[in-house]
Amino acid sequence: MELDIETAEDGKVAIVTIQSENLDAGNVKKFQENIQPAIDTSQCVVVDMRRLKFVDSSGLGSLLSTLRKVNTKQGQLKLFGMSKPVQALFELVRMHRIFAIYESREEALATL
Amino acid sequence: MSQHSKPLASPDTAILVADWGEDYALSGIFGFGHDLVPILDKPMLQRAVEQLVLLGCSKIEVVLGDYASEHREFLGQGQRWGVQIRYHYRHAGEPLSTQFRSWIDSSTSTLCWLADGRCLPQRSALQDCGSFMVGNAGCIVVDPHAEEPVWSGWGLFSSSWLGSKQIPATRQALSNLLLKSEWIEKRVSEHLLAANEPASFLSCNLHILSAEDSAGPSVGRGCNISPQARILPPVHLGQHVRIGPNTTVGPNVVIGDNCVIDQDVTIESCVVLPATYVGMGVELKNSVVGGNTVANISLDTVVSIDNKSILCALSAKGASSLGDRWAALVLRLALAPVHWAAQRRCKSDPQPVQHGYQISRALGPRPWAHHFCYSFYPSLREVESGRLHLAGPIPRSLAEQQRLPAQWRQLYETTDGGLLSDALLRNPDELGPDELFASDAMALAGQHQASTKLALLLGYLGAVLRDLLGSGNLTDRNTTSDPTSKRA
């Protein structure tokens, strides 16, 4: 699982781009390892999900555990750019009530 | 804050908040998985959209709430009403104005409706709002029955005011702000329809029923009414309703689609929710009835009836599809030899403790064979009888469900669980609460998808066969009979 991490707002915001098309049992451990530095160093983690086409229960679980870690630090986790299948899945399992989901990067950053 | 001293362009945009995240009491009482319960013949959300269309809106920005997928599916893109509908999520804790700014034209010359999908004021009160905008930032409609003014959830505002930084995220906070603001005009609606709990749901239905100018009862398509039945208007019968002989329905009764009212029944001032069976000789008055539950408004009490000959849902919650039932029967017959072989292999191992359909504690070297023998195969009968799905969230007792966090517990509003799930194929002992919750949520999403069920079934049977043949080097799963135990 390759993640691109860039920072904005003087390091307060980490923008994490998921490069893979899947977030599943095969790469969740790597995802959690790679996103950990962003959680440790930034108050707000913004995840770019534009490339993601498929999320399974392990992937969903890893996003929930990321949210839990960010919340523990009193930080914010924002997701944007969900593809239609992923968005439909999030709505179906009611995860849209748990995560802050935005259409675009600009919209996500505007709410900081 | 913006004030306006000249007439503004008539509004063609509305922000419709589908729900403000407040509990929908009817859902909890009658077990619905959404708030799209029809009031007479259409849900409140549809009535709200139609109200906005009649007020001249052509663009509706829907702020999704708890039932996002259901609302999105129900409203579509708005073609039904000739309007454009766009959807947005509401983010708890974030000021609404932050979101509004990106959806609406915030110039001072435009107006925008703000509407509540669970409440409906009188149209004339809303039409009045336009006249009172001059000199004001907005005009809201307030509840006529409350002792102190309460915002109805509807109002007309200048877009620049809505985009200002003052709009809080909760309805209560916004209501307080609006009621205190001197720039907001307040109008009273003669009546206000809201149907969040049984009493208001009943009065709402009866109000709309009495408002329909019809001399006789309204009877839906495909109804079957016995010649010996008495129908006393005003009465609304949905589609495919069956009324038995010597039954009296009315006055002031709304019966939903696909209901069966047996013989010698008396129903007066009631709403019977869709797909409900009312048994022989039952008398119902001033109540909302759905499934096996009666909410008696006069007595302010809710009663559940266990006797299915008195009252029951015709499509029970958690009932598996006919396909699942047939599949379970075929599986039980086809897997009988595997069951026999598994029993022979496992007979020397310690017997696991049975906990209903739960994943039984697997002991010894053959955890999959144990699970198949003592949990999966016997539970196929539960699927056959419609009590369980073939795939779905891990079945949990009511007590276990009540111990779950709210979001997790809500998954069980529409299902009692399934035999197969992703969590079962992985080692539940290695899964944290997030993974278990995610697995249950995904299982709920996939419980009606044949491909998901087939994949889970093949994965499971493959593991069982490898275990039986002794070729698989499976880890001792030590699955737990209490999958909630890790949640602490």
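Order of the sequence lines fixes the chain letters, A, B, ..., with proteins taken first and strands second; residue numbering starts at 1 for each chain.
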With a 4.5 angstrom heavy-atom cut-off, which part of [X] approaches chain B: side chain, backbone, both or neither?
X: A110(A); value: backbone
X: E103(A); value: side chain
X: L63(A); value: neither

L419(B) and L424(B): which non-hydrogen atoms are nearest, and at how many Å? O-CD2, 3.6 Å
State whether the side chain of K73(A) and the backbone N or O of I39(A) hold a donor-acceptor pair below 3.5 Å, judged by distance alone. yes
Tell me whether E21(A) is salt-bridged to R51(A), with the criterion being a basic N under 4.0 Å from an acidic carboxylate O. no
Taking atom types as modelled, find out whether Y460(B) and H371(B) have a side-chain donor-acceptor pair closer than 3.5 angstrom. yes
